[in-house]
Novice: 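Structure below; questions to follow.
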There are 2 protein chains.
Amino acid sequence: MDCCGKTIASRSRYAQLVPPTCYLPRGHTGKCDQYPYLKHLADIAPHLAKKIRRDATMTTGAAWASSDAGPNRILRWVILQGDEQLREFGINIESLSPIIQAKLRDKAASYEDCMGVARRLTWSAYGVPGAPRPPDHVRTPLEAEFGPIVSGSTVCLICRSPFDFDDYAKAKRGKAVIETAHAAPRRHDTANVGFAHRACNIAQGDKTLDEFYEWIRKILRNVEAGRGHP
Amino acid sequence: MDCCGKTIASRSRYAQLVPPTCYLPRGHTGKCDQYPYLKHLADIAPHLAKKIRRDATMTTGAAWASSDAGPNRILRWVILQGDEQLREFGINIESLSPIIQAKLRDKAASYEDCMGVARRLTWSAYGVPGAPRPPDHVRTPLEAEFGPIVSGSTVCLICRSPFDFDDYAKAKRGKAVIETAHAAPRRHDTANVGFAHRACNIAQGDKTLDEFYEWIRKILRNVEAGRGHP
């Protein structure tokens with residue numbers, strides 16, 4: 001889609017780094033909007049619209065806030081900056097443990113990739129059984145970019161089993177049942193993201209999907225050969 | 001083995017609940033010992049001996065200490081006590097979130113089961129390639145209980161691939177590579193424990209091993225049928 005692309009005024013401290021831009025079609029009427037395709041979901045499933053924005057643009061951060069755990073949730077493109085620039089934002093990357101530094105770097109992605117991920121996840125969400133039909137102004141640009149939105153065409157990225165639109169709102173032991181997942185864990189772009197069951201996402205770990213499938217094939221070969229002693 | 005079984009004096013606040021007992025043979029000479037079979041490992045691989053004692057007897061606790069996270073590492077048999085009794089030990093179980101309460105209860109096990117798990121894990125450790133040969137006073141009772149100690153007979157409980165004795169000392173991103181695992185996650189007894197790769201243990205999650213294998217079989221069926229759209 002040919003986008004408006006105009007800069008949107010923002011009070012975020014990070015806007016001086018990468019200002020938010022408008023993703024409405026060029027020559028649109030009315031106000032510029034960074035996430036026009038999320039407006040419909042924001043009305044009917046606000047938690048999901050928020051999740052898509054957050055997962056597309058933010059690092060996951062630590063489970064708890066502490067000086068050695070590093071910043072809790074930060075824009076992925078901010079992490080692309082050099083140590084010097086990060087310090088200006090109050091992030092002293094050198095003071096973090098090597099483990100946390102590596103985790104943060106793993107989550108880095110460009111602004112454009114993050115915007116693409118948000119569109120892709122929105123498109124995926126509408127393909128889940130039970131999802132509402134998107135209005136035309138949402139459907140048309142998403143289908144032009146990613147193909148037809150068909151109910152049931154979105155399955156768990158990892159186990160390939162279907163899940164229901166209601167599952168987006170479900171939690172188990174305090175954790176969302178459906179998460180954003182990556183076919184290759186350290187590549188945050190449209191070709192590489194989807195939704196997955198939390199249990200599947202955890203099982204995949206830091207493997208690529210291909211590595212994961214190869215690994216579980218090997219496990220089953222071992223089990224079927226009767227290796228080990230249980 | 002017919003054990004001495006005498007109570008061993010302890011300064012632990014929990015000893016009034018279940019006093020530690022001697023696991024040397026009945027009629028032994030010298031001092032009583034709760035973990036005589038761990039003495040050899042304690043000399044040559046102290047981190048592993050400590051790990052076996054800790055995993056056999058303690059809950060995993062939270063990754064961080066906080067009032068809502070609950071007690072960080074506590075003896076598994078203490079959790080079997082009623083709320084009243086726990087309060088006497090400074091653990092106000094009702095003040096913890098239902099999620100943390102459930103996690104703690106999942107880890108509960110009797111003193112006898114925990115002692116059995118420590119023996120079983122010790123036996124398993126000697127069956128890993130690269131493990132030292134246990135001295136006879138260790139080998140004989142362990143083999144009487146669990147069968148011959150053969151180098152290479154211990155594999156990852158979950159993926160059934162071998163790992164090396166050196167792997168017990170290895171860590172990746174700050175986490176031990178080899179963990180204690182359970183074929184059925186909420187049963188902490190000799191028939192049900194073993195060592196596993198951390199990645200395998202995480203992938204198994206709260207499933208039993210049978211459920212886990214069934215689950216990954218289904219994933220591969222979906223993948224091979226070409227379900228989903230990656």
Side-chain angles (χ1 to χ4, degrees), chain A residues 62-66 69 97-100 102-103 124 127 146-147 150 153-162 171-175 183-184 191-194 196-200 202-207 209-210 212-230, chain B residues 62-66 69 97-100 102-103 124 127 146-147 150 153-162 171-175 183-184 191-194 196-200 202-207 209-210 212-230:
Chain A
W64 68 104
S66 81
S97 77
I99 291 167
I100 301 290
K103 278 189 184 172
S124 293
F146 302 114
V150 182
S153 67
T154 296
V155 294
C156 169
L157 181 75
I158 298 161
C159 79
R160 315 289 176 90
S161 289
K172 207 177 143 187
R173 289 202 166 181
K175 304 288 187 178
N192 207 45
V193 294
H197 299 104
R198 176 172 164 79
C200 295
I202 288 174
Q204 183 194 345
D206 63 358
K207 297 177 178 69
L209 266 188
D210 285 343
F212 174 69
Y213 296 141
E214 198 36 61
W215 178 57
I216 62 177
R217 259 183 219 111
K218 192 181 162 195
I219 292 176
L220 291 175
R221 280 198 301 270
N222 283 344
V223 170
E224 273 135 38
R227 285 194 66 157
H229 47 72
Chain B
W64 68 102
S66 81
S97 78
I99 291 167
I100 300 290
K103 278 188 184 173
S124 292
F146 301 114
V150 182
S153 66
T154 296
V155 295
C156 169
L157 181 75
I158 298 161
C159 79
R160 316 289 178 89
S161 289
K172 205 178 143 186
R173 288 202 166 181
K175 304 287 187 179
N192 208 44
V193 294
H197 299 104
R198 175 173 165 80
C200 295
I202 287 174
Q204 184 194 345
D206 63 358
K207 297 178 178 70
L209 265 188
D210 285 343
F212 174 70
Y213 297 140
E214 198 36 62
W215 178 57
I216 62 178
R217 260 183 217 109
K218 194 182 161 194
I219 292 175
L220 291 176
R221 280 198 302 270
N222 282 343
V223 170
E224 273 138 37
R227 285 193 66 157
H229 46 72

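Small disclaimer: the values here were computed from a predicted structure and weren't measured.
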Novice: Can you tell me how far apart OH (Tyr213(B)) and NZ (Lys207(B)) are? Round to the nearest 0.5 Å.
Specialist: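 If we round to the nearest 0.5 Å, Tyr213(B):OH and Lys207(B):NZ are 13.5 Å apart.
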Novice: The criterion is ring pair (Phe, Tyr, Trp, His ring centres under 6.0 Å); which residues satisfy it with Phe146(A), sequence neighbours excluded?
Specialist: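 If we apply the ring pair (Phe, Tyr, Trp, His ring centres under 6.0 Å) test to Phe146(A), skipping adjacent residues, the hits are Trp123(A).
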Novice: Just so I understand: if I count every heavy-atom pair under 4.5 Å between each of Pro98(A), Cys200(A), Gly127(A) and chain B, which residue has the most?
Specialist: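 Most pairs with chain B among the choices: Cys200(A).
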Novice: Tell me, please, which residues at least two apart from Ala102(B) pass side chain to side chain contact (heavy atoms under 4.5 Å, CB included).
Specialist: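 For Ala102(B), the residues satisfying side chain to side chain contact (heavy atoms under 4.5 Å, CB included) (neighbours in sequence not counted) are Arg173(A).
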Novice: Could you give the distance from NE2 (His197(A)) to NZ (Lys172(A)), rounded to the nearest 0.5 Å?
Specialist: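 Rounded to the nearest 0.5 Å, the NE2-NZ separation comes out at 10.5 Å.
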Novice: For the pair Arg160(B) (side chain) and Asn222(A) (backbone), establish whether a donor and an acceptor sit closer than 3.5 Å, ignoring hydrogens and angles.
Specialist: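 Absent.
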Novice: Is Lys103(A) in contact with chain B via its backbone, its side chain, both, or neither, using a 4.5 Å heavy-atom distance?
Specialist: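 Contact with chain B involves both backbone and side-chain atoms of Lys103(A).
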Novice: Would you mind telling me which of Gly194(A), Gly205(A), Ala183(A), Ser161(A) has the largest number of heavy-atom pairs within less than 4.5 Å of chain B?
Specialist: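 Greatest number of close heavy-atom pairs with chain B: Ser161(A).
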Novice: Measuring heavy-atom distances to chain A, does Asn192(B) have an atom under 4.5 Å in its side chain, in its backbone, in both, or in neither?
Specialist: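 Contact with chain A involves no heavy atom of Asn192(B) at all.
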Novice: Side chain, backbone, both or neither: which part of Arg221(B) has a heavy atom under 4.5 Å from chain A?
Specialist: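 Answer is neither: Arg221(B) stays 4.5 Å or more from chain A.
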Novice: Can you tell which part of Glu214(A) gets under 4.5 Å to a heavy atom of chain B, answering side chain, backbone, both or neither?
Specialist: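 Neither part.
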Novice: Atom CD1 of Ile216(B) and atom NZ of Lys218(A): how far apart are they, to the nearest 0.5 Å?
Specialist: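 These two atoms lie 12.5 Å from each other.
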Novice: Quick one: what part of Ala199(A) sits under 4.5 Å from any heavy atom of chain B, side chain, backbone, both or neither?
Specialist: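 When you check distances to chain B, atoms from both the backbone and side chain of Ala199(A) fall under 4.5 Å.
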Novice: Against chain B, label Pro162(A) side chain, backbone, both or neither, depending on which of its atoms sit under 4.5 Å from a heavy atom there.
Specialist: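 Pro162(A) touches chain B through backbone and side-chain heavy atoms alike.
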